Student: 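If you scroll down you'll find the structure; I have some questions about it.
Numbers here are sequence positions counted from 1. Note that the structure is a prediction, hence the values are computed from the model and not measured.
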Amino acid sequence: MALVTVILVALGPCVYAQDLEPRAYSNSPTGLNFLIVGYGYTEGGVAADPSLPLENAHLHINSATLAYARSLDVWGKSGKFDVVLPYSWLSGKAEFAGQPHERKVSGLGDPRLRFSVNLYGAPALSLKEFTDYRQNIIFGASLQVSVPLGQYDSDKLVNLGTNRWFFKPELGLSKAWGPLILELATGVTFYTDNSDFFGGTTREQDPIYSVQGHVIYALKSGIWVALDGTYYFGGRTAVDGVEGDDLQKNTRFGATVAFPVDRHNSVKLYASTGVSTRTGSDFNAVGIAWQYRWGGGF
């Protein structure tokens, strides 16, 4: 029996609203604990906030991530809770208002919490019961929250934290045909205001709407591969009531490979790139995550 990694980590602090995450709505036995340690590297026009008014940005972010997740029994439905803690090192150059700026900083990013539940097609099962489970259609929902605890300096445009909350409700659908799985998820990210933005101003941002799809193929050995894609739009900002020309309409593609090492350990590799970009997020990303699981009868 092959169990899958339940959360995708080590993406760096720049892609919270547009994560590429295959198998987010899959079933696993209840009572499992997952400890994940990851490393990610991103380069290009990337920042913790992709709608910042930067031009000719050439930034590099190395990120280490520690995460914990637990599979749950939610009134007979399978669910999970996870928390992600990123730490990053950022360096690079960009232009703001026609003037060049250089930035080098390290520190904590904003932690993320998420709760999800599979509403249909993935009942809560013990490890013994799960051996007879075969996926057909799964429909689920999740809520992700970003907590503004990361490094932030209002005298700088580029930071590792964003000094505001975001809330992302999402709906997901997964359909299996034997080893082939097709997934589709759509969500919207709502932002609170940053009342201590650059220069002592207040910054507002409209919601970002996103849709992502994945084509996944699972091998009997426990290895699975995925082709990933996402499109997101919205997110226009206003500073002290003055609306910016920064509406986002962006597309990204990527790939993911996960393979078991032994009964308790597995490794995931991923990469993604921007295909079309209107504002921000024109970057490349690669990463690796190691996962250790225990509990639930293991």
Student: Which heavy atom of A124 sits nearest a heavy atom of T30, and at what distance?
Tutor: CB-CG2, 3.7 Å
Student: With the side chain counted from C-beta on, respond yes when R23 and W224 share a heavy-atom pair under 4.5 Å apart, and no when they do not.
Tutor: yes
Student: I'd like to know if the side chain of E243 reaches the main chain of R236, judged simply by a donor and an acceptor atom lying under 3.5 Å from each other, with no hydrogens or angles considered.
Tutor: no
Student: With a 4.5 Å cut-off on side-chain heavy-atom distances among I, L, V, M, F, W and Y, is there a chain of contacts connecting L269 to L227?
Tutor: no
Student: Determine yes or no for a side-chain-to-main-chain donor-acceptor pair under 3.5 angstrom, with H264 supplying the side chain and R293 the backbone.
Tutor: yes
Student: Give a yes/no verdict on a cation-pi contact between K175 and W177, requiring under 6.0 Å between NZ or CZ and the six-membered ring centre and an angle within 45° of the axis.
Tutor: yes
Student: Quick one: pull up OG in S106 and CD1 in I61 and give me the separation to the nearest 0.5 Å.
Tutor: 12.0 Å
Student: Would you say D110's side chain and G150's backbone share a donor-acceptor pair under 3.5 angstrom?
Tutor: yes
Student: Within the 3.5 Å criterion, strictly below it, is a donor on D196 or Y152 matched to an acceptor on the partner's side chain?
Tutor: no
Student: Do E170 and R114 meet the salt-bridge criterion of a basic N to acidic O distance under 4.0 Å?
Tutor: no
Student: Given 3.5 Å as the limit, does a donor-acceptor pair link the side chain of S71 with the main chain of P29, or not?
Tutor: yes
Student: Taking atom OH of Y133 as the centre, does the number of heavy atoms from other residues, nucleotides or ligands within less than 6.0 Å exceed 12?
Tutor: yes
Student: Could you check whether any side-chain N or O of Q291 sits under 3.5 Å from a backbone N or O of I36, counting only pairs where one atom can act as donor and the other as acceptor?
Tutor: no
Student: Which value, rounded to the nearest 0.5 Å, describes the distance between K80 atom NZ and S116 atom OG?
Tutor: 3.5 Å
Student: Under 6.0 Å between ring centres: does that hold for F81 and F115?
Tutor: no
Student: Please check if the side chain of D240 supplies one atom and the backbone of T202 the other of a donor-acceptor pair under 3.5 Å.
Tutor: yes
Student: Atom OG1 of T192 and atom CZ of F167: how far apart are they, to the nearest 0.5 Å?
Tutor: 6.5 Å
Student: Would you say the side-chain atoms of Q144 pair up with the backbone N or O of K168, donor to acceptor, closer than 3.5 Å?
Tutor: no
Student: Got a donor-acceptor contact below 3.5 angstrom from the R103 side chain to the V158 backbone?
Tutor: yes
Student: Hey, does the side chain of T230 reach the backbone of F253 with a donor-acceptor pair shorter than 3.5 angstrom?
Tutor: no
Student: Taking C-beta and beyond as the side chain, do R252 and Y232 meet within less than 4.5 Å on heavy atoms?
Tutor: yes
Student: Using only atom types and a distance under 3.5 Å, with no angle test, would you say the side chain of R164 pairs donor to acceptor with the backbone of P148?
Tutor: no
Student: What is the distance from atom CD1 of I138 to atom CD1 of I181, rounded to the nearest 0.5 Å?
Tutor: 8.0 Å
Student: Return the minimal non-hydrogen interatomic distance between N159 and K156, and the atom names on each side.
Tutor: ND2-O, 3.0 Å
Student: Carefully, step by step, assess V84 and T65 under the rule side chain to side chain contact (heavy atoms under 4.5 Å, CB included).
Tutor: CA-CA 7 Å; V84 180; T65 307; 3.3 Å; yes
Student: With a 4.5 Å limit on heavy-atom distance, are the side chains of Y209 and T186 in contact?
Tutor: no
